[in-house]
2 protein chains.
Amino acid sequence: MATRTDASTRREQILKEAARLFAERGFHGVGVDEIGAAVGISGPGLYRHFPGKDAMLAELLVGISGQLLTGGRRRVEEAGAVAEGGPGAVLDSLIEGHIDFALDDRPLITLHDRELDRLRDSDRKLVRQLQRQYVELWVEVVRDVHPRLAEPPARAAVHAVFGLLNSTPHLSRPKLPGRAATAALLHAMARGAFASAAEAAAKA
Amino acid sequence: MATRTDASTRREQILKEAARLFAERGFHGVGVDEIGAAVGISGPGLYRHFPGKDAMLAELLVGISGQLLTGGRRRVEEAGAVAEGGPGAVLDSLIEGHIDFALDDRPLITLHDRELDRLRDSDRKLVRQLQRQYVELWVEVVRDVHPRLAEPPARAAVHAVFGLLNSTPHLSRPKLPGRAATAALLHAMARGAFASAAEAAAKA
DNA sequence: GAAATGGGTTAACGAGCGCTAACCTGAGGG
DNA sequence: CCCTCAGGTTAGCGCTCGTTAACCCATTTC
């Protein structure tokens, strides 16, 4: 081995390809031989790096959830510290971070809400917990921006906006506008959706 | 058999249970024995009604896509005929119809964008075509309401709003507000998202 | 009243799966 | 110069799955 970074490369390479394949054909639709072939080794060679196929999925899902949560927390701290532009800036930062993730790691976003039930109980609980904390982080920020929005509808609104932002994998054809334009569009739509949710809740 | 309606009941019963199971655990995660057990017969008895497991999924997905499309077309005609409230009323009707579907047939909505790739080529092409026509229907109506929105971003916006509306299966816990409130919230968010998309596109 | 038919049963087959076992190899380290 | 060991290989086991075969039994039809 050359450097420590290269040592972990093989593992990361496997995870990356596994994520792509899982997202394309589903966890049960992909065999270990295919995953091996995708990284140039074949079949059981994977078991030198992972105890099993389940472990790959678990590591992927836990990793995604953790990354989203820690990234979100970091953004809330940073954007909250400078305190410019009020609470709206914090929400903008959260949205921007989620869009970056959705656009850059499409397979992971797809897996994230599609294959959760294939996990062992303990792993699923962990992922669910991380996801819930991420949602609560958003709910707080959203209610900071729109104080008249009660908590239950705010939570539903956050889930709905996740659905909106995570829709990017579906329109993967090279027809649509460029990355920056897509990100701007999604950002505007998310803000508008939250604003309308608050407006509707205030009337009701 | 008693009536023709009862004759088709068994088939429909199978399709309903299969949809639920596919949505819960994925197409490859469900065995034919489980589907049979869910309707009171066991295993290969299903082959008196369907030529294979794939055919069940195909019929489900084609049926969903067709229902959405014909329902959408009907609503556009009806709401367009009365011509009250302008083009906004047509869009409202489309949104309402989609929300009804998402709230009442959750498993089908889940399958609809999750298991498409498990179909035979010909079936997948058919479903894709129906889906595309449905999207184009929406794009026309949206651009009627927001004329300054160009076609490519309008298409992306429609996909994004589908993601927003189809998020309901994720928040199935009995915590959230009632059906009517959820529908109203989603409706408001969808309208707001479109409006903001048009606004952002006009500026750029 | 025999014949046909719709709708079900159980047994079993063949393929594919995840995973283990046993073996191999080439690069450090003493 | 041998030993260790990380990281591969192929063979194969056991299990599950979708599907077929063969049989059965009501109910309807002529």
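Chain A is the first sequence line, chain B the second, and so forth, proteins listed ahead of strands; every chain is numbered from 1. No experiment lies behind these values; they were computed from the predicted model shown.
Of the listed residues (B/E17, B/R11, B/R10), just one forms a side-chain hydrogen bond (donor to acceptor under 3.5 Å, both in side chains) with B/Q13, and that residue is B/R10.
Partners of A/Q133 under the side chain to side chain donor-acceptor pair (under 3.5 Å) rule, at least two apart in sequence or in another chain, do not exist in this structure.
We find that B/E136 and B/R132 are not joined by a salt bridge, their nearest charged nitrogen and carboxylate oxygen being 4.0 Å or further apart. With respect to the salt-bridge test (charged N to carboxylate O, under 4.0 angstrom), the residues A/E77 and A/R73 do not qualify. Between B/D117 and B/R128 a salt bridge is recorded (basic side-chain N to carboxylate O distance below 4.0 Å). Between B/D104 and B/R179 a salt bridge is recorded (basic side-chain N to carboxylate O distance below 4.0 Å).
In this entry the distance linking CZ of A/R48 with P of C/dC19 reads 15 Å, nearest Å. The CZ atom of A/R118 sits 14 Å away from the P atom of C/dG18 (whole-angstrom rounding). Atom CG of A/L21 and atom P of C/dG18 are 12 Å apart (whole Å). Atom NE2 in A/H28 sits about 10 Å away from atom P in C/dG18, given to the nearest Å. The CG atom of B/D33 sits 11 Å away from the P atom of D/dT16 (whole-angstrom rounding). To the nearest angstrom, C1' of C/dT9 lies 13 Å from CG of B/L46. Remark: P of C/dT9 and OH of B/Y47 are 14 Å apart, rounded to the nearest angstrom. Following rounding to the nearest Å, B/Q13 (CD) and C/dG7 (C1') show an atom-to-atom distance of 14 Å.
Here A/H49 lies in heavy-atom contact (under 4.0 Å) with sugar-phosphate atoms only. Contacts of B/V39 with the nucleic acid, taken as non-hydrogen atoms under 4.0 Å apart, are absent. Across all strands shown, A/G45 has heavy atoms under 4.0 Å from base atoms, whether or not it also approaches the sugar-phosphate.
Here D/dG8 is the nucleotide among D/dG8, C/dT20, C/dT9 with the atom lying nearest to any side-chain atom of A/I41.
Listed by residue number, A/G52, A/K53 are the residues of residues 52-63 of chain A with a heavy-atom contact under 4.0 Å to DNA chain C.
Dashed line: the shortest gap from a side-chain N or O of A/R10 to OP1 or OP2 of D/dG8 is under 4.0 Å.
Mapping A/G29 and A/P51 onto DNA chain C via the closest heavy atom, the residue that lands nearer the 5' end is A/G29.
Side-chain contact between A/R191 and A/L91 is present, with at least one heavy-atom pair separated by less than 4.5 Å.
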